[in-house]
Amino acid sequence: MPEIILNGITIDFPFPPYECQEAYMSKVLECLQKQVNGILESPTGTGKTLCLLCSTLAWRAHFKDAISAQKITQVLKGDELFPDHPLSSWGNAVTGTEVPAYYSDVPKIIYASRTHSQLAQVISELKNTVYR
């Protein structure tokens, strides 16, 4: 699966994304990174569900990795584990001065839909990704 980097996050996408899909995922990531609500729209058939799933789950994985990097740095008392990849290179995935204590502090993702058949369609899309 192709990997693309948007807003400092590596996203595994099932195929090379169209420009409009990259723009959509970039906006999703921007909202997550800034911790703000977003209202996004795109025409029918542009892959909104897949874009939303892949970008959100990639952001969550990056957030989890950033927590690990910060915890390792704390244990090493400020020494960098990977000097060629300093902690600052993780970006602002974990904001504030408090590092979450456990992986359970990683935000949960709740996907809601109006009907069960729509949710079944989302699960079908999810199964076609590396995030299954």
Side-chain angles (χ1 to χ4, degrees):
M1 291 194 181
E3 287 185 351
I4 57 168
I5 298 175
L6 298 171
N7 299 26
I9 308 287
T10 301
I11 301 170
D12 287 299
F13 207 67
F15 50 84
Y18 298 117
E19 190 176 316
C20 67
Q21 291 172 322
E22 284 190 21
Y24 191 90
M25 289 188 286
S26 183
K27 286 297 185 183
V28 169
L29 292 171
E30 182 182 328
C31 292
L32 290 167
Q33 290 170 329
K34 291 182 177 179
Q35 299 178 1
V36 297
N37 294 326
I39 299 175
L40 306 172
E41 65 179 352
S42 188
T44 301
T46 55
K48 292 180 295 291
T49 300
L50 190 58
C51 289
L52 186 60
L53 288 172
C54 289
S55 59
T56 304
L57 294 170
W59 171 83
R60 188 175 188 274
H62 182 83
F63 187 95
K64 220 171 162 178
D65 290 345
I67 290 172
S68 296
Q70 286 191 358
K71 289 203 165 295
I72 290 168
T73 300
Q74 283 179 345
V75 169
L76 295 174
K77 301 200 180 1
D79 292 337
E80 296 286 345
L81 182 61
F82 305 105
D84 52 331
H85 288 92
L87 188 59
S88 59
S89 71
W90 288 98
N92 60 354
V94 182
T95 58
T97 57
E98 289 284 322
V99 176
Y102 305 100
Y103 284 124
S104 61
D105 294 337
V106 173
K108 289 179 178 57
I109 297 170
I110 300 170
Y111 195 103
S113 184
R114 195 171 54 83
T115 67
H116 284 80
S117 62
Q118 288 171 335
L119 287 175
Q121 215 171 347
V122 171
I123 296 302
S124 176
E125 289 273 353
L126 181 62
K127 288 179 180 177
N128 293 325
T129 72
V130 298
Y131 303 105
R132 55 183 171 273

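Nothing fancy with the numbering, it's 1 onward along the sequence.
Rounding to the nearest 0.5 Å gives a distance of 5.5 Å between OG1 of T56 and CG of L32. Taking CD from Q21 and CD1 from I4, the interatomic distance works out to 8.5 Å, rounded to the nearest 0.5 Å. One finds the OG atom of S124 at 12.5 Å from the CG atom of L119 (value rounded to the nearest 0.5 Å). Between the CG atom of N7 and the NZ atom of K27 there is a distance of 9.0 Å, given to the nearest 0.5 Å. The distance from the CD atom of E41 to the OG1 atom of T46 is 10.0 Å, given to the nearest 0.5 Å. Separation of atoms OH (Y24) and CG (L52) is listed at 5.5 Å; rounding is to 0.5 Å.
One N or O on the side chain of K48 and one on the backbone of P43 form a donor-acceptor pair closer than 3.5 Å. Looking at E125, its side chain never comes within 3.5 Å of a backbone N or O of T49 through a donor-acceptor pair. The backbone N or O of S55 sits nowhere less than 3.5 Å from a side-chain atom of Y131 that would complete a donor-acceptor pair.
Contact record, K127 with R132: O-NH1, 3.4 Å, taken as the closest heavy-atom pair. The two residues P16 and P2 have their closest heavy-atom pair at N-CG, 3.6 Å. Nearest heavy-atom pair, P17 versus M25, reported as atom, atom and distance to 0.1 Å: CB-CE, 4.1 Å. Contact detail for L6 and I11: the closest heavy-atom pair is CD1-CD1, 3.9 Å.
Between P14 and C54, the closest side-chain pair of non-hydrogen atoms falls below 4.5 Å. In this structure, the side chains of L57 and L126 come closer than 4.5 Å at one or more pairs of heavy atoms.
Residue I123 is not grouped with residue I109 when hydrophobic side chains (ILVMFWY) are merged at heavy-atom distances under 4.5 angstrom, including chains of intermediate members.
Atom CD of Q121 has 12 or fewer heavy atoms from other residues, nucleotides or ligands within 6.0 Å. More than 12 heavy atoms of other residues, nucleotides or ligands shown are found within 6.0 angstrom of OH on Y111.
Classification of the W59-F63 ring pair by plane angle, with boundaries at 30° and 60°, yields tilted.
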Test side-chain contact (heavy atoms from CB on, under 4.5 Å) applied to T129 and D12, step by step: CA-CA 8 Å; T129 72; D12 287 299; over 6 Å; no
